[in-house]
Every structure is written in structure tokens, then in C-alpha cells.
There are 2 protein chains.
Amino acid sequence: MKKKTLIRDIAQHLDVSIATVSLVLNGKAKENRISDALAEKVLTYVEEVGYKPNQLAKSLRTGKTHVIGLIVEDIANSFFATVAGLIEKKALERGYRIIYCSTNNDTAKTSDLLTMFQERHVDGYVVAPPNGVEEEIGALVRNGKPVVLFDRLLPGVLANAVVVDGAAGTSQATRHLLSQGFSSVAFVTINSGQTQMLGRRQGYAQAMREYGLSELVLEVDFLLEREQMIQRIHEFLRANPLCDAILFSTNYLSVYGLEAISRLGLRIPEDIAIVSFDDSDLFRLYSPTITVIAQPMEVMADNIIGTLLTALEGGDEKGRTTQVQLPPSLLIRQSSIRRVH
Amino acid sequence: MKKKTLIRDIAQHLDVSIATVSLVLNGKAKENRISDALAEKVLTYVEEVGYKPNQLAKSLRTGKTHVIGLIVEDIANSFFATVAGLIEKKALERGYRIIYCSTNNDTAKTSDLLTMFQERHVDGYVVAPPNGVEEEIGALVRNGKPVVLFDRLLPGVLANAVVVDGAAGTSQATRHLLSQGFSSVAFVTINSGQTQMLGRRQGYAQAMREYGLSELVLEVDFLLEREQMIQRIHEFLRANPLCDAILFSTNYLSVYGLEAISRLGLRIPEDIAIVSFDDSDLFRLYSPTITVIAQPMEVMADNIIGTLLTALEGGDEKGRTTQVQLPPSLLIRQSSIRRVH
DNA sequence: ATGAAAGCGCTAACAG
DNA sequence: CTGTTAGCGCTTTCAT
């Protein structure tokens, strides 16, 4: 076990003071009028012995950890995994590390996570919040902590946020289905009450209203297990034989829906047309290919990191809140195209 | 901005010493013969004001951070995302947090990541290492840091590891294809040189040898972009029209393969049979459903965390290395079943 | 049973 | 231009 080199060791070796070394290392040589020659000498030696300051001590002293806490709904979900991957990459480029955790939409767990992040003194928070953490997030924001919400908003909390205009996406998708001649378009969603889900539902409702049609909505309980969700959709399809198109509010519901449809032996799009929220390999490659409302993940990640870093580094812009709403894009594929027999 | 409560504050308020509070908080009241009554009083007050010790200070003092560094190849890949999710969950249950990063198989990036983790004093490491970090990982192990490798081994490095017997998986899959009557089974893999890939290839080679058949292997350069990989597979299929079955060594190659097959207008399994490594929604739902060699992810995660915690907490078992090799399971679906016309 | 005090390693204000 | 020094908040030994 090799002995850790300390700042003291390097100061001793070079016969200068600890302060000098610290100043040089933190780029404050100039403003403290330390000679270039000396600064150079310090840097060279530090490099030579591979000295790395103890970040814990540094953080304890400065109060900055250069760690960002990232809270997503489920890291195993392709949407969140992709966004998390992009955020990680971009944060790393700017010198920040990520600690992430999944909430699984569990309010209590999220609360705990938020507490942990505070204990660990993360510099900033990126959160896709479940309902019920308005208090905690609100407190964070009030205390001036850099926070960026994404994917969904928290009613009653004014915080930085990067979301997608789900209503625009679903209304466009619904109109697309109706214009293809499908007449009974159902909307399958989750009863989580989260803002992005409400928005998506509103977009559907509005388009149906425009066409003078009544809504046909299945709301699945978000606490159900996979198999139970498939069952619900299965039952719904059997109970509504006239339904000839379904718009799913989120990626995993579509996956369950495909499963249910396949069990019923229905053909897509002949018997039933499909549109999903979120794109993925599965939807691109499924046979038939699935029409989706795709979220601009790269742009989202850029905005999230951009907003967070501004809050993190631009201490002057106090009390300024940035909210960004990005447009999704409808990628029309085979699953929603009317086939003439 | 509410003032942070310190241990000093609570000691002052209760009119006891800081040490007493600290001892009680760390469950060392008994062994220091602190009266139950006092201990109780401290706990109650701490609870009341919601005091949380500063983890940075604590870590600086104790040298433990209760953070595990997790390095995967790509968090956006469903295999790694799922394993990461499971590891996170299990670690959390045991009081550990996860910092994760993706390597994208970049040796230099991984080196940096490892350095960062050391600077941040993570308590343990879980790594799916790219080749080229044998030095760094070896140094970690020699210095007694708890390390668990997974998915692949590092040649020449004796470290704890949890891997899957890929050779068993691919040989079984190859035999399955051959016994179905497919005669020209190709193996599509990546030239990364990683042990898991070598193992998978060996399993294929062995099964082919058993049947007295010669190998047909496509090795795609692991640095290529998605579209280029698809192109390679596309070319390969055109150049080998007699090939009637393909075994893909990893999930994303299969996805690219499906893309290439679909562009060529080939039917599965009539024109070409398919088996993939790794299971996913896509393979379960694809039409036809895709036969896969599934890795036992839950068991892997259990073993990884179990091994790491043993190394972390059982300081006595010095120098003990645990290597676990888990069996995969062949899930036979439609894509590899011979259809009689 | 309890308190005083010595650090963990680093930063930065201040005094030369 | 450089050195001294006072902490950041906590743990833990040792003396009482």
C-alpha cells in the first residue's frame, strides 16, 4: 500500500510553504504574485510524483464537491438511461461527476435520496420528480441550491425545468391517426398524475374534441406489475372491439400493449393502429415499424446541463428561473398507416 | 437559507459533550458506558431537530465514504442499465450509494474515471473493464481496495469477478441451430478482444468443430459507428448467401443485424435463423420472437454486491479472491426454429 | 460515564 | 512573493 502524497510532502520537498503549493495548484499564483519560475517548479514536481489533492478535504473546506445528483424514474428504462448517459457525458466534460439513483416513482424513496444528496453535499440536482416531493424540492430551491427538473414539472414549485411539449405531440399524433381514417382512437396512460402525463392526455383530448369525437381512455394504475398491466390492456381491447387505434402515453405501456395485442392475435395496423410516446430500437425494428412521438433527448440533455451549470457558476443571476419546453417530433412509420385491403 | 445544525449545537443544547453525542450517534454508547437514558435523550433531540452529520467531515475523518464506484461500458445499453439498476437497488439497501460512469470501451477514459474515483475515495469498485486498464486495476487490488470485475475478466489480473459462462451459452446455441438443420451457422462478433467475447466465440468454434463444420465468422471493428456496423453485416450477408443462421455475440450487434436483414428483405427464420446474446423487450416482442442466450442479471447483481460487501466489511479475509461464473440460459423462440415449407 | 483535545488534508486570509 | 494560522465538522483516544 503506497503512502499517499500530501500537499505537505510536496511543500517540504521543494522547500516552499504549503500555501504556495495550494495557491499554485488552484491557479491563484498570478494574483498572489508568485513567480512563474516557482509556479512552474511546483507544477512539474506535482506532476512528477502524481500528487492528487484529497477531494474530501478540499470539499470540506470549500463546500463544493463538483458532484451532481441525478434522480430519474428508472435507469433501466431506455428513455432515462439515454438521457442519463448524455447528461453524464456532458457533465464530465465540464468537470462534474454524477451520482444517480432511481425513484421508481416512490415518493418516500425520493425523499430519502434527496436527503442523501444533501448529506453528500452535491453541488446541484437534476430530478425527474414523482409527485409528493414538492416540499423538499421547494425547500432546495428556496435555499438557493441549483436544481433542474426534467421530463415533468412539480405543480406549485417554481424551479428550473426542461420538459417536452407532450400535448403538442399527442394532439399531432391523434390528428394523424384520425386523418388516416381510424375512427375510434383510444389513449392508454398511467394514473400517476404527473404533469407530463396530464399534458399528453390533454393533447389527445383536444384533438378528439376538434374532430367531435368522444374520448376513449384507459388509465392503468402505475403501481401494477408488468403482467397486470398487460392484463388491463388486454381486457380493455376485448371490451372495446370497435377501437381501431391506440396512442400510448409512454414507452413501457406500448411494450405491454404490443404484448397484449399479440396475445389477442390482432394485426397492426389492419386490426389496430399504434402510436407510442418515446422512440427506441424496439419501435424502429418492430414489425410493423411503430410510429412514435420522439423526444429530443440530446437537446434535452444539453439544456439540462446548460441550465444547471449556469445556476452553478453564474451566482449573480440570483432568483432567475429558466424553464424550457421542447417540441417532440412525430415519426410516422407503418403502425399508423391505413392499409387499403 | 436555514442554518445547518452542527453536532456542537446539539451538544450545547443538551449540555453534554460533543463526544457523547458522536458516540451515541454511532451506536457506541454501550461500549462507552453511556447511560441508556442519556443516549435516548440525545437520539430524541437529534430526531427532533433533524440533525444530519456532515458526511464529508465524517468521511475525511474515517476514510470511509459509503460510496461505490460503478463503471459500465454504456449505461444506455439495456444489459448494463438493468444490471446497474439492480446493483443500485441492492447497494442502497445496504447503505451504499453508487457513482456510475460509462467507459464506451475507451481505455483512457476509464483510466481517468478510476483516478477520479480514487480522488473521491470511493469505498469499492465495480467495473466492467475495457482492455488496457490491467495496470490500474491491478494496482487497486494490490493496495487492498475492494474491487469486483463483472461481465469480463482482465487477463493477468487476479481480482474478484462475476462473469457468465459465455462459451457454454454459445456452444449450446450453436448446437441448437445445427440440430434444427441449419447448416451454415455464422458468428458475428466484435474485435474488442475482451474475455467475454473470446469465450463466446470459443463456444461457437467448439460446437462447430464437434459437427465437423468450418467456422464462418464476421468480426466487426468495435470502434465503428452504428451505420457502419450495419453496413458490415449487410455486406457479410450478401457475400455469404449460403449462410442460413447467425449467432450474434452481443445485443447491439443483433439489433444492427436485424436492421441489415430487414434491409435485405430476408425472412426470419425461413431465409436466415437468428440467435442473440442477451435478452430484451425487443427480442421478446420482435416478430418473429428472437431466440436468446439470456444472462441471469438478478443473480449477477446479487453476486456482485455480495462479493463487494464481503470485501468491504470482512476485512479479515485478506487476499481472498472470489470468482463466480454463472450459467446463461438459452431461451428458444421462433427465430431459430426450422420451418417446414 | 463524560469531556478535552488532537487531528483527517486542505484553503485562504493575513501578516510579513 | 512567502509563511503562519485558523478553521471546515466530525471521530476517537485518553484522562478524569
Side-chain angles (χ1 to χ4, degrees), chain A residues 1-43 45-46 49-67 118-123, chain B residues 1-43 45-46 49-67 118-123:
Chain A
M1 179 89 201
K2 70 163 175 286
K3 195 80 169 223
K4 242 336 213 178
T5 311
L6 304 181
I7 194 169
R8 188 201 310 134
D9 302 329
I10 99 118
Q12 233 153 42
H13 177 97
L14 293 176
D15 206 33
V16 297
S17 88
I18 291 180
T20 307
V21 179
S22 174
L23 258 9
V24 170
L25 252 28
N26 291 295
K28 305 201 171 146
K30 272 275 159 339
E31 62 200 73
N32 286 72
R33 288 175 285 181
I34 290 173
S35 72
D36 286 3
L38 181 54
E40 190 55 39
K41 197 167 80 179
V42 171
L43 258 10
Y45 184 65
V46 162
V49 299
Y51 165 72
K52 302 278 180 216
N54 179 327
Q55 296 297 323
L56 283 169
K58 190 166 179 166
S59 295
L60 178 59
R61 189 59 236 246
T62 60
K64 310 244 118 272
T65 54
H66 276 246
V67 170
Q118 281 175 269
E119 286 175 23
R120 305 211 152 270
H121 295 239
V122 301
D123 286 351
Chain B
M1 180 87 201
K2 69 163 176 287
K3 195 77 168 229
K4 241 344 216 172
T5 312
L6 303 182
I7 195 170
R8 189 201 309 133
D9 302 330
I10 97 120
Q12 233 154 42
H13 177 96
L14 293 175
D15 205 34
V16 298
S17 87
I18 291 180
T20 307
V21 178
S22 174
L23 258 9
V24 169
L25 251 28
N26 291 294
K28 304 199 171 149
K30 272 275 159 341
E31 60 199 76
N32 285 72
R33 289 174 285 182
I34 290 172
S35 71
D36 286 4
L38 180 53
E40 190 55 39
K41 197 166 79 180
V42 171
L43 258 11
Y45 185 66
V46 162
V49 300
Y51 164 72
K52 302 278 179 216
N54 179 326
Q55 296 297 323
L56 283 170
K58 190 166 179 165
S59 295
L60 177 59
R61 189 58 237 249
T62 61
K64 311 244 118 270
T65 54
H66 276 246
V67 170
Q118 280 175 270
E119 285 175 24
R120 305 213 151 269
H121 294 239
V122 301
D123 286 352

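Residue numbers start from 1 in every chain, and the chains themselves are labelled A, B, ... in the order their sequence lines are given, proteins ahead of strands.
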Quick check: closest heavy atoms across A:Thr65 and A:Val122, and the distance to 0.1 Å?
OG1-CA, 3.6 Å
Closest approach of A:Ala39 and A:Ala29, non-hydrogen atoms and distance?
CB-CB, 4.3 Å
Could you state the atom-to-atom distance from [atom1] of [X] to [atom2] of [N] in whole Å?
{"X": "A:Arg8", "N": "C:dT11", "atom1": "CZ", "atom2": "C1'", "value": "15 Å"}
{"X": "A:Ile7", "N": "C:dG7", "atom1": "CD1", "atom2": "P", "value": "19 Å"}
{"X": "A:Asn54", "N": "D:dC8", "atom1": "CG", "atom2": "P", "value": "18 Å"}
{"X": "A:Ile10", "N": "C:dG9", "atom1": "CD1", "atom2": "P", "value": "16 Å"}
{"X": "A:Leu14", "N": "D:dT2", "atom1": "CG", "atom2": "C1'", "value": "14 Å"}
{"X": "B:Gln12", "N": "D:dC10", "atom1": "CD", "atom2": "P", "value": "13 Å"}
{"X": "A:Asp9", "N": "C:dG9", "atom1": "CG", "atom2": "P", "value": "10 Å"}
{"X": "B:Leu25", "N": "D:dC10", "atom1": "CG", "atom2": "P", "value": "9 Å"}

Does A:Tyr51 have a side-chain nitrogen or oxygen under 4.0 Å from the phosphate oxygens OP1 or OP2 of C:dC10?
yes
Side-chain N or O of A:Lys58 less than 4.0 angstrom from OP1 or OP2 on C:dG9?
no
Do [X] and [Y] have side-chain heavy atoms sitting under 4.5 Å apart?
{"X": "A:Tyr51", "Y": "A:Leu25", "result": "yes"}
{"X": "B:Asp36", "Y": "B:Lys30", "result": "yes"}
{"X": "B:Arg120", "Y": "A:Val67", "result": "yes"}
{"X": "B:Val24", "Y": "B:Glu40", "result": "no"}
{"X": "B:Glu119", "Y": "A:Lys58", "result": "no"}

Spell out, as yes or no, whether a donor-acceptor pair under 3.5 Å connects the side chain of A:Asn54 to the backbone of A:Leu56.
yes
Got a donor-acceptor contact below 3.5 angstrom from the A:Ser59 side chain to the A:Gln55 backbone?
yes
Take the C1' atoms of the five end pairs on each side of the helix from C:dA1-D:dT16 to C:dG16-D:dC1, get both axes, and report the angle to 10 degrees.
50°
Close N or O pairs between protein and nucleotides 12-16 of chain C (under 3.5 Å):
from	atom 1	to	atom 2	distance (Å)
C:dA12	OP2	A:Lys28	NZ	3.0

Closer to the 5' end of DNA chain D via nearest nucleotide, is it B:Leu56 or B:Thr20?
B:Leu56
By nearest nucleotide on DNA chain C, pick out whichever of B:Ser17 and B:Leu60 is the more 5' one.
B:Ser17
